[in-house]
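Here is the structure we will look at.
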Number of protein chains: 2
Amino acid sequence: MKATIYDVAREAGVSIAAVSQVINGKGKISEERRAEIMRVMERLNYQPSVIAAALTGKKTYTLGLLVPDISNPFFAEIARAVEDQGHSLGYSLVICSTDNKDERVERYLSLLQQKSVDGMIIGTGMDNKEMLKPLLENSIPIAMIAREMPGHDVQTVITDDFAGGRLAAEHLLGLGHTRLAVLAEQLKVSSSRERIRGFRQRLAEAGIDLPDDRVLASGDALVKDGKRKATELLQRAERPTAIFCCNDLLAIGALQAAKELGLRVPEQLSIVGFDNTILATVTEPPLTTVSQPTEEMGKLAVDLLLSQLKKEEGGSRRTVLQPELVTRRSTAAPSNE
Amino acid sequence: MKATIYDVAREAGVSIAAVSQVINGKGKISEERRAEIMRVMERLNYQPSVIAAALTGKKTYTLGLLVPDISNPFFAEIARAVEDQGHSLGYSLVICSTDNKDERVERYLSLLQQKSVDGMIIGTGMDNKEMLKPLLENSIPIAMIAREMPGHDVQTVITDDFAGGRLAAEHLLGLGHTRLAVLAEQLKVSSSRERIRGFRQRLAEAGIDLPDDRVLASGDALVKDGKRKATELLQRAERPTAIFCCNDLLAIGALQAAKELGLRVPEQLSIVGFDNTILATVTEPPLTTVSQPTEEMGKLAVDLLLSQLKKEEGGSRRTVLQPELVTRRSTAAPSNE
DNA sequence: TTGAAAGCGTTACCAG
DNA sequence: CTGGTAACGCTTTCAA
């Protein structure tokens with residue numbers, strides 16, 4: 001049986017108020033009483049109940065994190081960064097993998113609310129943006145991470161996806177590519193849309209058009225879908241010489257497709273990924289990819305969330321971090337077959 | 001402001017007891033009252049407080065998961081499996097990355113206890129096994145996953161690491177290797193120890209000795225340490241023709257070391273990994289590795305934990321799942337240089 | 001300094 | 001069926 005504050009009080013021969021004070025280091029207590037109480041707490045292996053404390057109006061010291069899939073290395077990294085920053089500030093982290101499904105998002109949102117988390121960090125997209133409404137109304141602190149939700153007044157930490165797309169285009173253009181294609185996640189994912197937009201814009205500036213039929217969206221099985229879509233692209237008459245993939249998982253799919261079709265990377269096909277996850281470093285060839293500062297993003301999101309929690313300052317700062325192109329060996333000048 | 005059960009009761013003109021009943025679907029209430037109450041709950045966007053409910057003795061519907069590092073793909077996969085099974089049963093998951101540090105383990109253990117989680121799944125090792133004692137005494141349900149804690153009476157779900165080690169040895173032996181080496185995690189990790197033991201035993205059966213100086217343990221930076229240790233191994237006079245790595249991350253380090261030294265894999269060096277994470281499929285060459293059924297393990301761990309929670313049945317079943325060797329292209333017969 | 005007592009939002013038991 | 005009312009474990013006035 002877990003010991004309660006009453007047990008401690010009784011054993012120490014004081015009131016529960018006294019015990020509460022030493023727990024929270026508040027109020028005035030004589031040194032000897034405090035020492036005695038601490039001794040009893042120790043002996044009873046007393047652990048104050050966060051639950052009960054939360055009920056009294058205090059916080060639960062728990063944060064929620066919504067991501068599409070925790071087993072996706074990019075989000076696992078984000079999660080680790082969020083966990084670390086939260087932990088250092090005394091918060092625990094509940095993870096929620098949504099698979100980008102509105103129904104799951106909704107379920108988790110409601111669950112987290114019922115559990116009175118002190119705030120939620122959202123790194124998943126949703127079709128129905130109205131879902132956040134009730135949270136905002138209940139004034140539950142929210143921060144978006146790596147994903148945007150325009151029109152809602154929420155803190156947001158993202159890397160400049162648009163710039164990232166441009167970076168990729170710039171690189172490919174510089175190498176001399178003109179027949180390009182894009183592999184994206186579901187188009188409801190805001191970051192994918194932005195990346196494509198940036199990519200496209202930069203191409204346009206170079207006078208290159210990227211027709212819609214060269215932008216393929218995939219489903220949830222990123223690697224598998226990426227491979228399938230890439231295969232489709234690569235078998236077209238006008239085979240692209242370079243593919244920009246909206247994340248590393250898709251890029252891996254593309255890499256596999258190329259291998260299966262006997263196409264050499266980067267000689268016959270250049271591939272650019274996004275996220276710079278550990279995956280990008282282990283493929284062969286290692287992936288040229290656009291890197292996001294996951295650690296910084298996680299830390300920032302937590303800080304923003306908590307600052308929102310402290311002051312009533314609900315302002316929606318939009319913090320944009322800059323991506324970087326990491327050049328590895330999956331890209332090269334197109335061959336003149 | 002969040003609506004409470006009182007608000008609902010007032011609006012609906014009933015007692016809070018009535019509201020509580022419709023929330024929990026218990027007791028008897030006339031259909032019309034129930035309908036009216038539900039309507040009000042809807043209108044007020046009422047979310048019952050799990051916190052308050054938990055205080056009255058019910059459960060928190062929250063589970064804790066301790067792993068070394070959520071950004072390690074193997075544990076991310078485990079986490080996803082645990083999350084899914086938990087979620088389908090109504091439980092949320094708090095993740096805790098321990099970095100295999102006792103101090104972090106202890107902190108998290110205590111934190112989870114204070115938050116009254118209904119149970120904890122532990123997939124991290126610890127030097128001081130006494131740390132679990134207080135939990136057991138407070139009869140908090142615990143299940144170990146992918147890791148053992150001999151001497152303690154806890155539910156455990158593991159894959160047969162010993163057999164996994166044998167599998168790796170068997171494979172390498174069959175290929176004709178005789179000069180072997182091992183890259184392990186910290187030796188306090190029980191699974192690593194078992195894998196090595198199995199590996200060694202199988203070698204012994206073939207009359208091959210594996211001296212201790214051929215078994216190198218790494219620190220926490222798995223890939224980096226693996227690379228460093230592998231480099232060390234490969235520069236020895238008696239260069240091994242095959243390395244068995246206790247997980248895929250280490251194997252990747254070994255792969256990188258080999259590349260850097262200009263050694264071809266698998267021609268000049270065979271590498272076997274462990275875990276069969278997504279990483280094993282994307283390296284070049286793709287890794288031959290020992291696979292663990294992560295999904296099944298996660299599901300099982302949750303089920304075991306919850307069954308423990310329901311019945312007072314604290315029995316310590318030890319569930320052992322069988323690993324499988326997945327042969328890819330990082331292993332081959334040794335060359336006769 | 002110290003302690004008594006009033007909540008916090010729910011559940012559950014017990015009279016109506 | 002329905003409503004009153006003790007808990008649950010802790011925090012926080014408010015007196016003493």
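Small disclaimer: the values here were computed from a predicted structure and weren't measured. Chain letters run A, B, ... following the sequence lines, proteins first and then strands; every chain starts at 1. What's counted below: heavy atoms across the whole structure, side chains too, no hydrogens, waters or symmetry copies.
- As judged by a 4.0 angstrom heavy-atom cut-off over every strand, A:Ala17 is placed among the base-contacting residues.
- Between C:dT11 and B:Lys26, no contact under 4.0 Å exists linking OP1 or OP2 to a side-chain N or O.
- Checking C:dA4, D:dT2, D:dC10 against the side-chain heavy atoms of A:Ser15 singles out C:dA4 as nearest.
- Heavy atoms of A:Ile51 sit nowhere under 4.0 angstrom from any nucleic acid atom.
- Residues B:Val19 and A:Ser30 each lie close to DNA chain C; by heavy-atom proximity, the contact nearer the 5' end of the strand is made by A:Ser30.
- Heavy-atom distances to DNA chain D give each of B:Ala52 and B:Glu31 a nearest nucleotide, and the one nearer the 5′ end belongs to B:Glu31.
- For A:Ile5, counting side-chain heavy atoms from C-beta on, the closest listed nucleotide (C:dG9, D:dT11, D:dT12) is D:dT11.
- A donor-acceptor contact shorter than 3.5 Å is absent between the side chain of A:Asn24 and the backbone of A:Lys26.
- Of the candidates C:dT10, D:dT12, C:dA12, the closest approach to any side-chain atom of A:Ser20 belongs to D:dT12.
- In this pair, A:His87 and B:Tyr108 present their aromatic rings parallel. The plane angle is below 30°, not in the 30 to 60° band.
- Counted by atom type alone, B:Ser191 and B:Arg147 present one or more donor-acceptor pairs between their side chains at under 3.5 Å.
- Here B:Lys59 does not pair with B:Asp118 in a salt bridge; the nearest charged N to carboxylate O distance is not below 4.0 Å.
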